[in-house]
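So the structure is just underneath, and the comments pick up after that.
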2 protein chains.
Amino acid sequence: MMNHPLTVGAMMEHAEKFFPKKEVISQSHDKIHRLTYKEIGKRTRRLMSALHNLGIRKGDRVGTLAWNTHRHLEIYFAAPGMGAVLHTINIRLSPEHIIYIINHAEDKIIFVDEDILPLVDKLQDHLKTVKTYIVMTDKDKLPDNSLSNVYSYEQLLEKGDEDYEFIKNIDETDPAGMCYTSATTGKPKGVLYSHRGIALHSLALGLADTAAISEADISMPVVPQFHVNAWGMPFACTWFGSTQVMPGPRFTPERLARFIEEYKVTVTAGVPTIWLGLLKELEEKEYDLSSLRGILCGGSAAPIGMIRTFEEKYNIPFFHAYGATETTPLATYSRLKSYQKDLTLDEKALEKTRQGILVPGLEMKVVGEEGEIPWDNNTMGELLLRGPWIADSYYNDERSESAFIDGWFYTGDVVTVDEEGTIKIVDRTSDLIKSGGEWISSVELENVLMAHEAVFEASVVAIPDEKWQERPIACVVLHDKFVGKVQKQELLAFLEPQFAKFWLPDDILFVEEIPKSSVGKFLKRELRKYVLEHYQAQEK
Amino acid sequence: MMNHPLTVGAMMEHAEKFFPKKEVISQSHDKIHRLTYKEIGKRTRRLMSALHNLGIRKGDRVGTLAWNTHRHLEIYFAAPGMGAVLHTINIRLSPEHIIYIINHAEDKIIFVDEDILPLVDKLQDHLKTVKTYIVMTDKDKLPDNSLSNVYSYEQLLEKGDEDYEFIKNIDETDPAGMCYTSATTGKPKGVLYSHRGIALHSLALGLADTAAISEADISMPVVPQFHVNAWGMPFACTWFGSTQVMPGPRFTPERLARFIEEYKVTVTAGVPTIWLGLLKELEEKEYDLSSLRGILCGGSAAPIGMIRTFEEKYNIPFFHAYGATETTPLATYSRLKSYQKDLTLDEKALEKTRQGILVPGLEMKVVGEEGEIPWDNNTMGELLLRGPWIADSYYNDERSESAFIDGWFYTGDVVTVDEEGTIKIVDRTSDLIKSGGEWISSVELENVLMAHEAVFEASVVAIPDEKWQERPIACVVLHDKFVGKVQKQELLAFLEPQFAKFWLPDDILFVEEIPKSSVGKFLKRELRKYVLEHYQAQEK
């Protein structure tokens, strides 16, 4: 067979040639843009030539601080398309961490969305390697700033060459992108994505049994483009010719619902918090979401009540997936097997809360204290992954050796596996609660709590205990109308029949919100601190 | 990203782990076998250990002369799974060619189906490298033969090790399989398939916009496993956990129709001749084929009448695909784009006769006498392909240099391309007719002839002409009930409004059958000989 590399540039070329009429619909700060792949392709080529003229060369890192828009999509292809490395920066990180990762990645150039410009303006003196800034704006004049060497995106494009060629002379294992993941402690850790990894991951997203991304789709990735390549959706959707709807800066649940209705979105993807917000919106106002063939959910476990509401009340299929920054991210995908179609609604809903089976192309192993665990739907173990779109290290980071061992990535996620090979995330290795020598899964408790009609969100953490080593405490946010009306005893009684007695939380604290990370995950170490302080204050 | 190879063995491991309950239903000579992937996996491992014990090592060629059965499927995974090379041999080739390719490939071992045993028995003295024969039979006792070193498949398996491991220490570009393609002149030419090529090709078959092979499918590849890996279906179906139905030795249209009905087959694949046969069967007897979500057709152009009958009368979606032995084979796949759904039935049917757009992962170029042709649905050019599942040479064959030039495979197929990028095969470079300096496509004439209700098959060839250089002659097989009732004039009148005058055949000869190759394609050089002899006989 030919020694022909898989490259990101070839994916855009495919869209230009075979889907020239299909559109990208993009909300920028000022307006809706509608551009065909033919136009997007030309603009991407202009951008590549502009990057080249600005001195960007093979292997250079190109940073972005930007929302989900067509311009960000163009950079997704232009940077790797000319041999550079797309470095998407999480705009929700602390300024300190943003400075750290830009310097650590040695970004040469930074693309910045207009409303993030003030932040970058403040940071510029700390950015040691950045030579150029490009502001993504519709306006003729750049917003006020004190950056040196700053350009307007559209003005650069005007001068670009629309026939600039995608790089072909490239090894498919060369880096195409990178993204930093926040560590539980310490600085964020960088992950490099190869052309090969992104292309194979995109094929995985197109498989009939995973996301099945298709030309016929109208796809709206809500998961940010600064977060693990928006789960790879922009790459796969472009390659396979889907219409893409990009919700733009600071979107609201209202905008999401409206876009789904207006553009007849068929598939969308995001974290549970987004879908909780969408459900609230649907309860308040009527929308026609009948075009949706699927909601993809990942990032953290979706509560069963939410899944059932989408599937049974709104008739929208809901699919759990699982992955991590280190896994590009898609690793498992939940879809009922053909012989599970006869399950009852209750059984189906339970299946839907699981994270699914391994995507073809990867290998997994689940390891407990005594080696590989049995697939009995009960024993817990840490999930290990390997394959061509799994990272083999963190970028220039000595913490690599604790996560990448003997060719496997140790995910830090604790799972059970059933006889179908379906995994269920039960916890983070760091969040498991060890009580009297037995493991308690904080996530299992949370899921059941969140199935109670009064509960909006719940998070369970361990506090130290002299007798039992650790004991679980639950923190609960109630729906507005239940505040003051539902007490601790009622929730404990709700949990009781579903768990062994020693699993039941020692206490339930009602809180106004659960602290969350920049990507919407519960920040358990913050919550643990809060709980401990709460009891210390009581003791005083 | 991890440097993790794509391997054929890992695909079977995936099925063992995630689809252990799914079945392979296989018709052997004596009975129907039903085996789960758990069992198939164990049997494959036993077979690998047996091959190892018989002296087969990495890179050795393992020949098969066999029908579509579960045993053939096991060899598909066992040979590459232990590092050897699966060499499927076309049982319909002449004995002379079979001897040539076994010797040329240097097969060390031959697997043979029981009814092909007499043939191999006769050839054995000519086979220079074969050390061992294995007969695939259900019977306790081997059929009579004079082979030396001959084993029963099942007896070998009994002694095998069901925990034998798939080889992991392998380069993904190492050969996993090989197949010989018949040349227009001279000996067959060998093509090597790499692990990488087969894995990527399988992912392509699973894409929502190509064959969309899924766990929920009940797949019946009718295309022989000795012909380009049954278009890769056995690999993809196993990896993705489809139920597989294998029609076994010497199947008839009746068996195909019965299997589709009985096993609720959802997708099947084969050449047009097969589907013409199935249509005849459907006209004679009633079957419930409502489970079928698609018929995949390739190998040669399907007549529009046949496509319409399947789609409009039987409500079975019909998909044209295109490929070659050198392309693993899937290269293009025909599926209407989302914005083509509003076409009229006539327009849709015309679209359905086209071979579709390029599959993601490949690149194409269409070259005429003046370089790349415009995509105007009119200009003809030769299709060139490149990509990771396209061959880069013929195996140890100096004819490579005329087909593989500057990194492109010259397919020898003449196509037009429309503005959607959809190709239509209009001829072989060798079968185009050049009349008065203009090209005439024999295939276009054939397709329109076959749309006439009286015509069962039609083939058009060139004969030399003093004035015009070449002129087309059509050979037509009539449906039984029209024989003697339809004359030349009627068919010419049918063609007339649809073509320029100089395209019309100078003559139409009614024949009883069109000579076909071992894979069901029209043998035009045979037909040309027949036509020339026919006119020479008339002159006498």
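Chain naming here is simple, since letters A, B, ... match the order of the sequence lines and numbering starts at 1 in each. If you're wondering where the values come from, they're calculated on a predicted model, not measured in any experiment. Note that these values count all heavy atoms, side chains included, but never hydrogens, waters or copies made by symmetry.
- The minimum heavy-atom distance between B:Thr328 and A:Met1, with the atom names listed, is OG1-SD, 3.6 Å.
- For residues 385-393 of chain B, heavy-atom neighbours of chain A at less than 4.5 Å comprise B:Leu385, B:Arg386, B:Gly387, B:Pro388, B:Trp389, B:Ile390, B:Ala391, B:Asp392, sorted by residue number.
- The main-chain N or O of A:Phe19 is never found under 3.5 Å from a side-chain atom of B:Lys337 such that the two would form a donor-acceptor pair.
- Applying the salt bridge (Lys or Arg N to Asp or Glu O under 4.0 Å) rule to A:Lys22 yields the partners A:Glu215; only residues at least two apart in sequence or on another chain are considered.
- What you find for A:Leu207 and B:Leu203 is that their closest heavy atoms are CD2-O, 3.5 Å.
- Neither the backbone nor the side chain of B:Thr173 has a heavy atom closer than 4.5 Å to any heavy atom of chain A.
- More than 12 heavy atoms of other residues, nucleotides or ligands sit less than 6.0 Å from atom CG of B:Asp171.
- In this structure, chain B has no heavy atom under 4.5 Å from any part of A:Val417.
- Between chain A and the residues B:Lys21, B:Glu13, B:Glu419, the most heavy-atom pairs under 4.5 angstrom are made by B:Lys21.
- Heavy atoms of A:Lys341 lying under 4.5 Å from chain B are absent altogether.
- When B:Met364, B:Glu420, B:Arg196, B:Glu326 are compared by the number of non-hydrogen pairs under 4.5 Å with chain A, B:Arg196 comes out ahead.
- The nearest pair of heavy atoms linking A:Asp209 to B:Phe240 is OD2-O, 3.9 Å.
- Around CG of A:Asp406, the count of heavy atoms belonging to other residues, nucleotides or ligands within 6.0 Å does not exceed 12.
- Heavy-atom neighbours of A:Asn169 CG from other residues, nucleotides or ligands within 6.0 Å: at or below the threshold of 12.
- The number of heavy-atom neighbours closer than 6.0 Å to NZ of A:Lys348, taken from other residues, nucleotides and ligands shown, is above 12.
- Residue A:Gln340: no heavy atom, backbone or side chain, is found under 4.5 Å from chain B.
- Looking only at heavy-atom pairs under 4.5 Å with chain B, the residue among A:Ser194, A:Pro360, A:Ala211 that has the most is A:Pro360.
- The salt bridge (Lys or Arg N to Asp or Glu O under 4.0 Å) test applied to A:Lys365 returns no partner, not counting sequence neighbours.
- Scanning all heavy atoms of the two residues, the minimum distance from A:Ala208 to B:Ile213 falls at CB-O, 4.1 Å.
- For chain B, the option among A:Trp239, A:Phe409, A:Tyr193, A:Phe404 with the highest count of heavy-atom pairs below 4.5 Å is A:Trp239.
- Ion pair B:Glu372/A:Lys17 not flagged as a salt bridge, since none of the NZ, NE, NH1 or NH2 atoms sits closer than 4.0 Å to an Asp/Glu carboxylate oxygen.
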Would you tabulate the side-chain donor-acceptor contacts of residues 2-11 of chain B under 3.5 Å, counting partners in other chains and residues two or more places apart, or write 'none'?
unit_1 : atom_1 : unit_2   : atom_2 : d
B:His4 : NE2    : A:Glu363 : OE2    : 3.2
B:Thr7 : OG1    : B:Ala10  : N      : 3.2

